[in-house]
Amino acid sequence: DAPAAGKVSTRYDLEKETELRFEVESGVSAEQVQMEVLTGMAEIFGSELNRNKKYTFGPGSKIAVFTWQGCSVNLYGKPEVAYVSKDTPMLLYLNTHCALEQMRKQAEEDNERGPRVMVVGPTDVGKSTVCRLLLSYAVRVGRRPTLVELDVGQSGVSVPGTVSALCIERPADVEEGFSVQAPLVYHFGSTSPGTNIKLYNKLTSCLADVFSQRCEVNRKASVGGCIINTCGWVKGSGYQALVHCASAFEVDVVLVLDHERLYNELKRDLPHFVKVVLLPKSGGVVERSKECRREARDEKIREYFYGFRGVSFFPFSFEVRFSEVRIYKIGAPSIPDSCLPLGMSQDDTQLKLVPVTPGRDLTYHMLSVSNADEGDNIVESPVCGFIVVTNVDTQTQVLKVLSPAPRPLPKHTLLIMDIRFMDMK
Ligand code: ATP
């Protein structure tokens with residue numbers, strides 16, 4: 001426990017089925033807020049809290065301490081806002097979990113597969129939070145569900161610009177979220193699916209294939225099913241990507257958060273056996289500005305290289321000769337149909353690997369290190385890590401990179417992201 005000495009403390013007595021919501025100021029100089037359960041029982045986004053333990057929340061945190069039975073808690077420090085709400089959709093979310101658990105029990109009895117659930121809705125409706133809640137509840141009753149993260153803007157699993165899957169084996173840590181060990185990660189390269197929708201759909205299919213293969217050999221994973229977190233882009237190609245995802249994963253349940261039109265469209269367009277359910281969003285979900293999202297993305301990358309809270313990583317900086325690596329960008333710029341070579345469609349260009357000769361403009365770009373071996377399909381191969389280009393010397397033909405592991409790079413195929421990271425350390 002970090003000491004709470006000298007901080008203002010405020011006590012809140014919560015009745016059953018209410019929650020204390022608080023936000024910690026953002027910005028590097030903002031003060032952390034600590035929280036402690038004094039009596040009774042409470043949880044944060046599905047993870048149970050220990051009594052008399054001080055949990056620490058850093059700048060920008062937006063938290064809800066919910067209690068089913070009633071409790072009293074102390075806050076130490078000065079949150080930007082703190083209030084108690086009686087109006088929460090938690091009972092509906094719990095009912096949803098119970099219905100999913102029923103499906104898992106049925107799957108166990110019938111030797112079938114458990115529920116595959118897609119969570120959809122516009123931005124800032126609490127999709128990630130609902131996923132976290134349902135996964136933590138499932139794992140608390142002994143299941144082993146899989147989180148599929150398709151939100152390339154705000155990934156809960158890896159750095160931005162990726163899609164991924166993670167087997168959940170324990171509830172999310174109250175302060176740090178799910179423990180990320182051995183996730184399966186694919187390179188997308190930008191923070192919006194719209195930059196290359198064909199690639200986005202392709203990667204969704206890759207994840208679905210790998211997940212299905214795992215379900216065939218792992219009964220617990222099959223019964224546990226999956227919870228798929230999606231992007232907040234629900235119109236046009238974004239909507240089509242949701243329909244594609246539902247079919248690739250053969251989802252059984254779609255949870256639509258706070259968007260009646262989307263609910264009706266999906267009911268109309270998905271096969272009748274898919275259960276489409278409309279759920280309200282929580283009044284506690286806080287809208288995040290563009291700036292706030294950008295900061296969260298930067299923070300995620302910084303954590304990748306430098307660690308998080310108690311765990312510090314020490315990244316390496318070293319030189320890589322141009323000749324040691326092959327650098328590609330996925331997707332050739334679109335050209336008018338009339339200019340395409342005979343027999344080639346625009347779709348083919350979106351999945352094309354374009355070799356890149358490093359130039360100054362590569363500085364600060366993130367690169368994915370592809371796991372592909374000679375002869376593998378690079379676009380459809382997972383990645384084994386990320387590096388950032390910190391300098392390009394075209395004269396000596398050398399790149400300087402920031403890497404989580406020491407020289408040499410484990411693999412030599414690198415994929416360029418649109419995402420840049422300026423190392424301020
Ligand atoms: P995005 O569109 O970026 O994917 P989202 O729909 O997934 O967003 P979340 O990330 O789940 O939304 O929630 C947005 C923020 O609101 C998070 O910081 C989360 O911690 C906070 N939040 C969610 N539920 C509550 C609640 N009941 N009370 C207070 N804060 C909450």
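Start at 1 with the first residue, then count along the sequence. Indexing begins at 1, ligand by ligand and atom by atom, following the structure's order.
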Hey, does Arg288 sit under 4.0 Å from ligand 1 if you only count heavy atoms?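 In this structure, Arg288 qualifies as a contact of ligand 1 - some heavy atom is under 4.0 Å.
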I'd like to know if Phe66 contacts ligand 1, where contact means a heavy-atom distance under 4.0 Å to any ligand atom.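 In this structure, Phe66 fails to qualify as a contact of ligand 1 - no heavy atom is under 4.0 Å.
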Considering only non-hydrogen protein atoms, determine which one is nearest to [atom] and report residue, atom name and distance to 0.1 Å.
| atom | answer |
| --- | --- |
| atom 4 (O) of ligand 1 | Asp151 OD2, 2.9 Å |
| atom 5 (P) of ligand 1 | Lys127 N, 3.4 Å |
| atom 7 (O) of ligand 1 | Ser128 OG, 2.6 Å |
| atom 11 (O) of ligand 1 | Thr129 OG1, 2.5 Å |
| atom 26 (C) of ligand 1 | Ala64 CB, 3.5 Å |

Could you check which of Lys62, Glu19, Arg21 puts a non-hydrogen atom nearest to atom 17 (C) of ligand 1?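 Checking each option, the heavy atom nearest atom 17 (C) of ligand 1 is found in Lys62.
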Relative to the heavy atoms of [X], which atoms of ligand 1 are at a distance of less than 4.0 Å?
| X | value |
| --- | --- |
| Val286 | 16 (O) |
| Gln154 | 3 (O) |
| Thr123 | 2 (O) |
| Ile63 | 29 (C) |
| Arg293 | 1 (P), 2 (O), 3 (O) |

Does Lys275 make a cation-pi contact with Phe273 (under 6.0 Å, within 45 degrees of the axis)?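 Relative to the ring axis of Phe273, which defines the angle, Lys275 lies outside at least one limit.
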Under 6.0 Å from the ring centre and within 45 degrees of the ring axis: does the NZ or CZ of Lys54 meet both conditions for the six-membered ring of Tyr76?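 The answer is yes; both the distance and angle limits are met.
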Taking side chain to side chain donor-acceptor pair (under 3.5 Å) as the criterion, tell me which of Glu101, Arg143, Glu43, His97 meets it with Tyr137.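 It is Glu43, the one option of Glu101, Arg143, Glu43, His97 that forms the side chain to side chain donor-acceptor pair (under 3.5 Å) with Tyr137.
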State, yes or no, whether a side-chain contact exists between [X] and [Y] at a heavy-atom distance under 4.5 Å.
| X | Y | result |
| --- | --- | --- |
| Tyr263 | Val277 | no |
| Thr18 | Thr67 | yes |
| Leu49 | Glu36 | no |
| Pro183 | Ser158 | no |

Can you give me the closest heavy-atom contact between Met35 and Phe57, atom names plus distance?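 Looking at all heavy atoms of both residues, the closest pair is CB-CE1, 4.1 Å.
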Please say whether more than 12 non-hydrogen atoms of neighbouring residues, nucleotides or ligands are located less than 6.0 Å from OH in Tyr239.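 More than 12 within 6.0 Å, yes.
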Around atom NZ of Lys411, are there more than 12 heavy atoms of other residues, nucleotides or ligands at under 6.0 Å?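 Yes.
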Backbone or side chain, does any N or O of [X] fall under 3.5 Å from an N or O of ligand 1?
| X | answer |
| --- | --- |
| Asn229 | no |
| Val125 | yes |
| Gly284 | yes |
| Ser282 | yes |

Aromatic plane relationship, Phe421 with Phe305 - under 30° parallel, 30 to 60° tilted, over 60° perpendicular: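 The arrangement is parallel - the two ring planes meet at less than 30°.
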